[in-house]
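Notes follow the structure.
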Amino acid sequence: QVQLVESGGGLVQPGGSLRLSCAASRSIGIIYAMAWYRQAPGNQRELVARITNSGTATYVSSVKGRFTISRDNAKNTVTLQMNSLKPEDTAVYYCNGDPESSAWGQGTQVTVSS
């Protein structure tokens with residue numbers, strides 16, 4: 001089973017940017033769709049962005065135009081570029097396939113606050 005390690009989170013002011021990375025322990029080329037999810041305290045985990053093997057990306061409406069997902073099957077990585085961050089983007093961010101597998105990583109904390 002693939003293992004996923006997320007990194008790149010941190011504390012940023014509103015309007016700032018962060019770039020999250022997800023490294024997989026084996027090839028993600030066999031996974032049709034990879035995705036970034038997030039979970040804020042007291043909330044359910046939600047899918048934020050999704051990208052297929054052909055590069056088709058989709059986003060939840062709240063991040064559309066601000067976040068960009070990409071994947072590099074050769075490097076087994078998935079990236080989430082987050083711009084114009086808002087306090088409501090504060091959450092722990094995870095990557096996984098879509099549909100998700102049981103192989104959740106530890107996530108990376110993103111905190112947007114002044």
Side-chain angles (χ1 to χ4, degrees):
Q1 192 175 31
V2 63
Q3 294 184 337
L4 302 163
V5 178
E6 301 90 350
S7 63
L11 172 63
V12 63
Q13 292 186 342
S17 298
L18 283 174
R19 186 177 180 86
L20 306 185
S21 294
C22 171
S25 60
R26 62 171 178 80
S27 175
I28 62 170
I30 60 173
I31 303 174
Y32 175 70
M34 292 295 297
W36 280 95
Y37 301 78
R38 68 184 179 188
Q39 187 168 21
N43 290 358
Q44 290 189 333
R45 188 176 290 159
E46 67 168 341
L47 190 152
V48 173
R50 175 184 187 269
I51 186 168
T52 68
N53 255 329
S54 63
T56 300
T58 54
Y59 303 90
V60 67
S61 59
S62 59
V63 308
K64 202 171 294 184
R66 301 188 296 121
F67 289 12
T68 303
I69 187 172
S70 59
R71 66 188 287 174
D72 186 333
N73 288 347
K75 296 181 179 179
N76 298 324
T77 58
V78 185
T79 301
L80 186 68
Q81 177 66 44
M82 307 188 296
N83 299 327
S84 303
L85 283 161
K86 303 176 180 180
E88 51 263 43
D89 294 319
T90 295
V92 180
Y93 285 71
Y94 305 86
C95 70
N96 205 319
D98 179 34
E100 59 198 60
S101 73
S102 60
W104 292 100
Q106 82 290 347
T108 186
Q109 175 70 48
V110 171
T111 303
V112 185
S113 175
S114 55

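One is the number of the first residue; the rest follow in order along the sequence.
- For T111, the side-chain hydrogen bond (donor to acceptor under 3.5 Å, both in side chains) partners at least two apart in sequence or on another chain are Q109.
- Counting only residues at least two apart or in different chains, disulfide (SG to SG under 2.5 Å) contacts with residues 34-90 are absent.
- Here T77 pairs with nothing under the side-chain hydrogen bond (donor to acceptor under 3.5 Å, both in side chains) rule; sequence neighbours left out.
- For I69 against Y59, the heavy-atom pair with the smallest separation is N-OH, 3.0 Å.
- Residue pairs that meet the salt bridge (charged side-chain N to carboxylate O under 4.0 Å, His left out) test with at least one member in residues 60-85, sequence neighbours left out, are R66-D89.
- Here disulfide (SG to SG under 2.5 Å) pairs that include residues 38-86, with residues two or more places apart or in two chains, number zero.
- The list of salt bridge (charged side-chain N to carboxylate O under 4.0 Å, His left out) pairs with a residue in residues 3-14, not counting sequence neighbours, is empty.
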Give every donor-acceptor pair under 3.5 Å between a side-chain atom in residues 10-25 and any protein atom, sequence neighbours left out.
residue, atom, partner, partner atom, Å
S17, OG, N83, OD1, 3.0
R19, NH1, Q81, OE1, 3.0
S25, OG, Q3, N, 2.8

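- Taking T56 as the reference, T52, S54 meet the side-chain contact (heavy atoms from CB on, under 4.5 Å) condition, with sequence neighbours excluded.
- Pairs of residues two or more places apart, or lying in two chains, never qualify as disulfide (SG to SG under 2.5 Å) while including a residue from residues 40-87.
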List the atom pairs, donor and acceptor, that lie under 3.5 Å between side-chain atoms in residues 98-105 and the rest of the protein, sequence neighbours left out.
residue, atom, partner, partner atom, Å
D98, OD2, R50, NE, 2.5
S101, OG, N96, OD1, 3.2
S101, OG, A103, N, 3.1
S102, OG, Q1, NE2, 2.8
W104, NE1, S101, O, 3.4

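- Annotation: side-chain hydrogen bond (donor to acceptor under 3.5 Å, both in side chains) contacts of E46 (sequence neighbours excluded): R38.
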